[in-house]
Amino acid sequence: MVATMGRSSTLAARTSRAAFFATSSWPWITRIRFSWISTTNRAHAFGSRWYRVSSFTSPLLEAGRHRPGKKCCQTLASKLTVEDRQRQPAIARHPIPMTTHRIASLLRAQPLGESVTVNGWVRTRRDAKTFSFLEINDGSCLKNLQVIAEASLPNYEAEIARLATGCAVRVTGELALSPAKGQAVELKAREVTVYGWADPESYPLQKKRHSFEFLRTISHLRPRTNALGAVARVRSVLSQAVHDFFKERGFFYIHTPIITTSDCEGAGEMFTVTSFDLDQPPKSHGKVDFSQDFFGRRTSLTVSGQLEAEIYALALGNVYTFGPTFRAENSNTSRHLAEFWMIEPEMAFCDLAGDIDVAEALLKHLVQRALTECREDLDLFGQFIDQGLIGRLENVLANPFIRLPYSEAIERLKASGHDFEFPVEWGLDLQSEHERYLTETIFAQPVVVTDYPKAIKAFYMRQNDDGRTVAAMDILFPGIGEIVGGSQREERYEVLLARLTESGLPLADYQWYLDLRRFGSAPHAGFGLGFERIVQFVTGMANIREVIPFPRTPGSAGF
RNA sequence: UCCCAGGUAGCUCAGUCGGUAGAGCUGGUGGCUGUUAACCACCCUGUCGGGGGUUCGAGUCCCUCCCUGGGAGCCA
């Protein structure tokens, strides 16, 4: 975990990120802007250039002009082998053919009669008497583009007739109306170029349905399936929608630390971050001596950015975080990950009601964006994953969320007469079965439970005037359970101090947190939204491991 | 971490009373066809999750570990 990131690795990070988002027609070539301060002469260098990016991770630079201070470029360029140069030069010089299209926009615009080029992966090939049908998917949308490849094409026998599921190809031809049912348009191929073969004997993805469990074992190939590709697009759209929501409302995006020394009490077990040789860590009095560790003290991966977000809320007003979060809990469920992404808004001069307003608006905004921007993908989920999906999403938008104090929730559960496995009693935490009964059976829509007993909630939540509850809220979604947890924060110094003390937390570690209440304290509130849980809700995927590209769970951290 | 159910061909699964394994799909070959999860015929494929034990003999019974699914706890 030691931060020894050198110049070249910095560039690598930027390059792979840019490649990931590149709209370039050639997936391994991308244009990248860069700038840095030269370590030798302090000169500022900047520019942009085409890079060949291998496997999206290690950048190799095109040989080309240099500026002072670009040592890393030369080093990387030297790694481009002669073979690489011979294989790629034509494409590298003309990285974006003017006629290249993404399938999504082709199907939308349907430029009939025009010559177009698409890049993508073969989903299936079917042979007719004098030609073959190819179905090409380029990831831009769920739909494939049907290609007609006549047997008269020069490489028909040698290549096209041998294409199988998974092969990467480029097809140039004319877009035409399709005479048969099933698709509006098709591409009459003039040229089919094979970028990469996929041996049908060993390529794991077959022309049939696979279980999600199996696909998880091939996480490097599963985004090439309809369902997981759709999840990836929805996740991206939702991610962007989070930022749009807060930007429209004047929130600032704050990057809170991933390596942290603060434990957000109640947020679970933490992963230790160390640079020690774990076979021989320095010890003192029989215990590991973290004062000799990289940071001079014990550090962990963050379980929440909330405490740091409060600092910035009490300076900038309204802020939010959106980043990776880590919990070392041994949770084996379809709703938990050891590494997940959390959205944590924090608003100054805001009470619990305002907090709920923002959370409700955010959730509705995300559902709305998915419905309008990902309708085709959502229809797939509605058809194959969860028949009631679209209706449930529209139901979220249709009504205000039910707001229910904990005490009333207890009364409603008791009055229901339903036989629960766990007792329903004021002062006891709501069990999953209770939460589900509230949101799925009694109300059949999102429910916000507020004002929980203070004994079962975290130290930082604001005490209500009744002396026995705190201004906390959980938003419960049908099928998901708790999707949001939040509260108004305790802004009164004396009250917070008392709560910290009775919670047995080391005051020294929270001095800065107490300081926020000593200097210009103000009412403030916030919440945490588990990003994967909203992706789960929107897609209807049963297991949270399907809505993050590379799930980390107990006993599993592959890829 | 606890309770329950599973792990058998590339995938999804069957496998009786303990006698060393089958089906469908995928893939391959051939045929047919503006096809579209194409269709028809034929063919190939196994460390039965790992380790240990009982037995003449274990996919099958026992122990143990790992993994997966469902539920619970923890939470987002």
Side-chain angles (χ1 to χ4, degrees), chain A residues 123-135 143-150 162 164-166 176-183 186 188 198-218 221 225-226 264-269 303-306 322 324-344 359 363 384 421-422 429-436 456-458 474-477 480-486 527-537 542-545 547-548 553-556 558:
Chain A
R123 280 295 175 81
T124 175
R125 190 197 84 231
R126 292 180 294 270
D127 296 327
K129 200 163 194 175
T130 58
F131 61 94
S132 289
F133 296 99
L134 301 176
E135 294 231 17
K143 285 205 177 76
N144 304 324
L145 179 64
Q146 175 162 290
V147 170
I148 309 297
E150 298 283 350
R162 288 167 45 216
T165 309
L177 279 175
S178 179
K181 288 179 181 173
Q183 60 283 315
E186 62 190 22
K188 304 271 191 196
D199 174 22
E201 295 274 1
S202 49
Y203 186 61
L205 287 174
Q206 303 172 355
K207 215 160 42 175
K208 54 177 261 189
R209 274 178 141 173
H210 291 287
S211 67
F212 289 122
E213 290 97 286
F214 169 67
L215 291 176
R216 223 179 285 145
T217 68
I218 49 166
L221 298 171
T225 63
N226 285 339
C264 193
E265 190 252 0
E269 297 296 313
V303 292
S304 168
Q306 179 201 315
F322 183 9
T325 309
F326 307 86
R327 305 260 167 104
E329 296 287 353
N330 194 0
S331 297
N332 291 292
T333 81
S334 56
R335 310 181 299 284
H336 288 87
L337 292 165
E339 176 183 279
F340 64 102
W341 286 63
M342 187 153 64
I343 300 148
E344 295 181 286
L363 290 165
F384 293 108
E421 188 186 342
F422 291 92
D429 209 353
L430 294 178
Q431 301 290 317
S432 279
E433 57 168 345
H434 306 143
E435 295 182 342
R436 277 211 312 274
I456 58 173
K457 287 293 183 182
D474 284 354
I475 300 185
L476 312 176
F477 263 34
I480 301 288
E482 184 181 342
I483 197 164
V484 162
F527 62 87
L529 165 62
F531 184 60
E532 282 75 18
R533 290 202 179 159
I534 188 68
V535 180
Q536 239 188 311
F537 182 75
N543 197 313
I544 202 167
R545 300 171 196 205
V547 300
I548 189 167
T553 50
S556 176

field: Watson-Crick or G-U wobble mate for U20(B), both contacts under 3.5 Å
entry: none
task: Report yes or no: does Glu532(A) contribute a side-chain atom to a donor-acceptor pair with the main-chain N or O of Ile544(A) at less than 3.5 Å?
output: no
query: In the structure shown, which nucleotide is the Watson-Crick or G-U wobble counterpart of C42(B), with both distances under 3.5 Å?
result: G28(B)
- prompt: When rounded to the nearest Å, what value does the distance between C1' atoms of G7(B) and U64(B) take?
  reply: 16 Å
- request: Name the nucleic acid region contacted by Pro200(A), choosing base, sugar-phosphate or nothing; use a 4.0 angstrom heavy-atom cut-off, strictly under.
  value: sugar-phosphate
field: Interatomic distance at P, C39(B) relative to G53(B), whole Å
entry: 49 Å
task: Figure out the CD1/P separation between Ile548(A) and A76(B), and round it to whole Å.
output: 16 Å
statement: Winner on side-chain proximity to Lys207(A), out of U1(B), G27(B), G34(B), is G27(B)
message: From CZ of Arg123(A) over to P of A38(B), roughly how many Å is that when rounded to an integer?
response: 12 Å
task: Classify the side chain of Glu186(A) and the base of U35(B) as holding, or not holding, a donor-acceptor pair under 3.5 Å.
output: no
message: On RNA chain B, compare the nucleotides closest to Glu135(A) and Glu435(A); which residue's is nearer the 5' end?
response: Glu135(A)
Table of protein N/O atoms under 3.5 Å from nucleotides 8-14 of chain B N/O atoms:
from: G10(B); atom 1: N2; to: Gln206(A); atom 2: OE1; distance (Å): 2.7
from: G10(B); atom 1: N2; to: Gln206(A); atom 2: NE2; distance (Å): 3.1
from: G10(B); atom 1: N3; to: Gln206(A); atom 2: NE2; distance (Å): 2.6
from: C11(B); atom 1: O2; to: Lys208(A); atom 2: NZ; distance (Å): 2.5
from: U12(B); atom 1: OP1; to: Ser211(A); atom 2: OG; distance (Å): 2.7

- prompt: What pairs with Glu135(A) under salt bridge (Lys or Arg N to Asp or Glu O under 4.0 Å), at least two apart in sequence or on another chain?
  reply: Arg126(A)
query: Do side-chain atoms of Arg327(A) reach the backbone of Val303(A) as a donor and acceptor pair under 3.5 angstrom?
result: yes
query: Which whole number of Å gives the distance between the C1' atom of U26(B) and that of U12(B)?
result: 11 Å
Electrostatic pair Asp429(A):Lys457(A) at N-O distance under 4.0 angstrom: no
Sidechain-backbone polar pair: Ser556(A) side chain, Thr553(A) backbone, donor-acceptor under 3.5 Å: no
- request: In whole angstrom, give me the gap between the P atoms of U35(B) and C40(B).
  value: 15 Å
- request: For Leu337(A), answer base if it contacts any base atom (sugar-phosphate contacts may also be present), sugar-phosphate if it contacts only those atoms, and nothing otherwise; contact means non-hydrogen atoms under 4.0 Å.
  value: base
task: Please determine, for the side chain of Phe340(A), which listed nucleotide (A72(B), G69(B), A76(B)) has the closest atom?
output: A76(B)
- prompt: Distance between the P atoms of C43(B) and A23(B), in whole angstroms?
  reply: 11 Å
query: Base, sugar-phosphate, or nothing: which does Gln146(A) touch, judged by heavy atoms less than 4.0 Å apart?
result: base
query: Among the nucleotides G28(B), U35(B), C74(B), which one has an atom lying closest to any side-chain atom of His336(A)?
result: C74(B)
message: When you measure from the side chain of Gln183(A) to the backbone of Ser178(A), do you find a donor-acceptor pair of N or O atoms at a distance under 3.5 Å?
response: no
message: What's the gap between G51(B) and U60(B) when it is taken at their P atoms, as a whole Å value?
response: 13 Å
- prompt: Starting at CZ of Arg125(A) and ending at P of G28(B), how long is that distance when rounded to a whole Å?
  reply: 8 Å
- prompt: Could you give the CZ-to-P distance, from Arg126(A) to A37(B), as a whole number of Å?
  reply: 7 Å
Rounded distance in Å - CD (Glu433(A)) to C1' (A72(B)): 10 Å
- prompt: OP1 or OP2 of C74(B) less than 4.0 angstrom from a side-chain nitrogen or oxygen of Asn330(A), does that happen here?
  reply: no
message: Check this for me: does the side-chain of Asp127(A) come within 3.5 Å of the base of U33(B) through a donor and an acceptor?
response: no
message: Check this for me: does the side-chain of Glu329(A) come within 3.5 Å of the base of U1(B) through a donor and an acceptor?
response: no
task: Could you tell me whether the side chain of Phe531(A) reaches within less than 4.5 Å of the side chain of Phe340(A), counting heavy atoms only?
output: no
- request: May I ask you to decide if Arg123(A)'s main-chain N or O and Thr165(A)'s side chain share a donor-acceptor pair within less than 3.5 Å?
  value: yes
query: What does Ile534(A) touch in the nucleic acid at a heavy-atom separation under 4.0 angstrom: a base, only the sugar-phosphate, or nothing?
result: nothing
- prompt: Whole Å only: how far is the CZ atom of Arg162(A) from the P atom of G28(B)?
  reply: 11 Å
query: What integer distance in Å separates Phe422(A):CZ from A72(B):P?
result: 9 Å
message: So does Arg335(A) get a backbone contact from the side chain of Arg533(A), meaning a donor-acceptor N/O pair under 3.5 Å?
response: yes
message: Using atom C1' in both nucleotides, what's the gap between U68(B) and C62(B) to the nearest angstrom?
response: 23 Å
field: Which residue lies more 5' along RNA chain B, comparing Gly182(A) with Gly530(A) via nearest heavy atoms
entry: Gly182(A)
- prompt: Using purine N1 to pyrimidine N3 plus N6-O4 or O6-N4 for Watson-Crick, or N1-O2 and O6-N3 for G-U wobble, each under 3.5 Å, what pairs with A5(B)?
  reply: U68(B)
- request: Could you let me know what G34(B) is paired to, Watson-Crick or G-U wobble, both distances under 3.5 Å, or none if it's on its own?
  value: none
- prompt: Looking at C74(B), does its base get a donor-acceptor pair with the side chain of Ser331(A) below 3.5 Å?
  reply: yes
query: Which nucleotide sits closest to the side chain of Arg335(A): A72(B), U35(B), U33(B)?
result: A72(B)
message: For A76(B), give the paired nucleotide (Watson-Crick: N1-N3 plus N6-O4 or O6-N4; G-U: N1-O2 and O6-N3; both under 3.5 Å), or none.
response: none
message: Looking at the base of G73(B), is there any donor atom on it, or on the side chain of Ser432(A), that sits under 3.5 Å from an acceptor on the other one?
response: no
- request: Ignoring hydrogens and angles, tell me if any N or O in the side chain of Gln146(A) forms a donor-acceptor pair with the backbone of Leu134(A) under 3.5 Å.
  value: no
field: Atom C1', compared across C66(B) and G50(B): separation rounded to whole Å
entry: 7 Å
- request: Please state how far atom CZ in Arg545(A) lies from atom P in C67(B), giving the value in whole angstrom units.
  value: 11 Å
Donor-acceptor pair, side chain of His336(A) and main chain of Thr333(A), under 3.5 angstrom: no
task: Can you figure out which of G28(B), U1(B), G73(B) approaches the side chain of Gln431(A) most closely?
output: G73(B)
